[in-house]
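See structure below.
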Amino acid sequence: MAARRLFHGTGPGVITPDGCSVELYQTLVPNGEPQRIHAAAGEGASILELGSGTGRITHALLALGHEVVAVDESPEMLAHIRGAETVCSPIQALDLDREFDVVLMMSYLVELADDDRRRALLAACRRHVADDGCVILQRQPPGWYDNLERGYERSGEGFRFRMKGFHRLGPDVVEATMEYVVGEREWTQTFVSRRMDDDFLESCLAEVGLTVSGLLDDDPGWIRAVPR
Ligand SMILES: C[S@@+](CC[C@H](N)C(=O)[O-])C[C@H]1O[C@@H](n2cnc3c(N)ncnc32)[C@H](O)[C@@H]1O
């Protein structure tokens, strides 16, 4: 899988190495995620946010009273963050020599199809979480991989997001292309991702010294993991 390009993106403005558009992320607003994370983290918990983008979630977590350190490999994404410490680094290389009550890694980064890189991302989560803290991960619910033929489309005033196409590269691995239209601007992001069913997730976490301790709001798309 390492030989295949895992991500690419097209469209106006800066595109990050994982194919995300900075301009697109500037237009997006939270959709309940900060409140869900806040409820799981607890009042005043310190949060290390891995893959923060332009701060869509960061800013809301700050407003909810958390100290947040926002990490991203894209300086253009981080340039939009206000009020949080920012660190420009690949997650896999991060070594802050600090521990946090919560390490947050959203945006399905855990579904990276490259085993070594995924292990390195999860090891960074483990390195930075306090022994009595937790790691919050967002994944596609495993059924997502079985139902791609149904397609995905969400639209509203001035925007339309849809899955433009996909290829199954194996029973658990998919290459998908999303299309995002906002006003006159249009972007695509293509990514290869790997199904994270409960058993596979647990085995990936075990490799780095973590274990699943539950779901957020009983939602299989949001995992709470703790040090073993
Ligand atoms: C899909 S965006 C989501 C941003 C934010 N989590 C949100 O929900 O609005 C993913 C972000 O993660 C960053 N990212 C992806 N892989 C990364 C890595 N290995 N190291 C550092 N940043 C990464 C990208 O640069 C991008 O800003």
Side-chain angles (χ1 to χ4, degrees), residues 1-2 5-11 13-38 41 47-63 66 68-82 84-96 102-128 135-140 152 154 159 161 163 176-180 182 187-194 204 208 216 221-223:
M1 189 53 59
R5 194 148 65 128
L6 293 173
F7 303 100
H8 62 275
T10 64
V14 173
I15 303 290
T16 62
D18 74 333
C20 289
S21 155
V22 175
E23 287 186 19
L24 169 66
Y25 271 84
Q26 276 184 274
T27 72
L28 301 182
V29 293
N31 187 22
E33 304 93 333
Q35 289 72 20
R36 173 175 274 190
I37 295 160
H38 174 65
I47 299 179
L48 177 68
E49 186 188 5
L50 303 177
S52 61
T54 56
R56 184 178 73 94
I57 304 301
T58 323
H59 294 136
L61 291 173
L62 290 169
H66 298 281
V68 184
V69 176
V71 177
D72 206 288
E73 65 188 343
S74 162
E76 294 88 354
M77 285 282 193
L78 290 177
H80 297 280
I81 293 188
R82 300 283 175 266
E85 181 183 339
T86 59
V87 179
C88 189
S89 169
I91 295 165
Q92 51 275 34
L94 192 71
D95 196 354
L96 297 178
V102 175
V103 177
L104 172 65
M105 191 168 75
M106 293 176 52
S107 308
Y108 318 110
L109 296 185
V110 71
E111 294 184 17
L112 200 62
D114 181 289
D115 291 337
D116 292 338
R117 276 172 66 178
R118 182 180 52 249
R119 191 177 305 111
L121 296 187
L122 289 171
C125 294
R126 176 64 188 96
R127 262 198 306 284
H128 293 93
V135 176
I136 296 177
L137 301 168
Q138 187 184 25
R139 67 169 174 178
Q140 296 286 5
Y152 167 85
R154 189 159 71 88
F159 78 91
F161 301 160
M163 184 178 289
T177 298
M178 303 296 298
E179 179 185 75
Y180 303 96
V182 178
W187 297 273
T188 66
Q189 183 187 17
T190 300
F191 52 88
V192 180
S193 63
R194 198 227 186 269
C204 293
V208 300
L216 273 54
W222 288 83
I223 306 296

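One-based numbering, in listed order, for ligands and for the atoms of each. Because the structure is a prediction, the values reported are computed rather than measured. This chain uses plain numbering: 1 for the first residue, then up along the sequence.
The proximity of Q92 to ligand 1, defined as any non-hydrogen pair under 4.0 Å, is limited to the side chain.
Under a 4.0 Å heavy-atom criterion, S89 is in contact with ligand 1.
Side-chain contact between V69 and H128: absent, with no pair of heavy atoms (C-beta onward) separated by less than 4.5 Å. Contact annotation: the side chain of L122 approaches that of L137 to within less than 4.5 Å [non-hydrogen atoms, C-beta and beyond]. Within the 4.5 Å cutoff, no side-chain heavy atoms of D72 are placed close to those of I81.
Taking each of P30, G51, G9 in turn, the one with a heavy atom nearest to atom 12 (O) of ligand 1 proves to be G51. Relative to atom 17 (C) of ligand 1, the option among E73, M77, R56 with the closest non-hydrogen atom is E73. The option with the heavy atom closest to atom 15 (C) of ligand 1, from among V87, I91, D18, is D18. For atom 13 (C) of ligand 1, the choice among T16, L109, D72 with the nearest heavy atom turns out to be D72.
Looking at H80, its side chain never comes within 3.5 Å of a backbone N or O of G55 through a donor-acceptor pair. A side-chain donor-acceptor contact under 3.5 Å links S21 to the backbone of E23.
Among protein heavy atoms, the minimum distance from atom 3 (C) of ligand 1 is reached at S107 OG, 3.2 Å. The nearest protein atom to atom 2 (S) of ligand 1, hydrogens excluded, is given as C20 SG, 3.5 Å; this is a heavy-atom distance. Here the heavy atom of the protein found nearest to atom 1 (C) of ligand 1 is Y25 OH, 3.0 Å.
For ligand 1, the atoms closer than 4.0 angstrom to any heavy atom of P90 are 20 (N), 21 (C). Near G53, with a cut-off below 4.0 Å to any heavy atom, the atoms of ligand 1 are 4 (C), 27 (O). Close contacts of ligand 1 with S52, meaning ligand atoms under 4.0 Å from a residue heavy atom, involve 4 (C), 5 (C).
Applying the side-chain hydrogen bond (donor to acceptor under 3.5 Å, both in side chains) test between E33 and each of Q138, R56, H38 identifies R56 as the sole match. Each of F159, F161, W187 was evaluated against Y180; a single residue qualifies, F161, per the ring pair (Phe, Tyr, Trp, His ring centres under 6.0 Å) test.
T16 and D18 share a donor-acceptor pair across their side chains, judged by distance under 3.5 Å alone.
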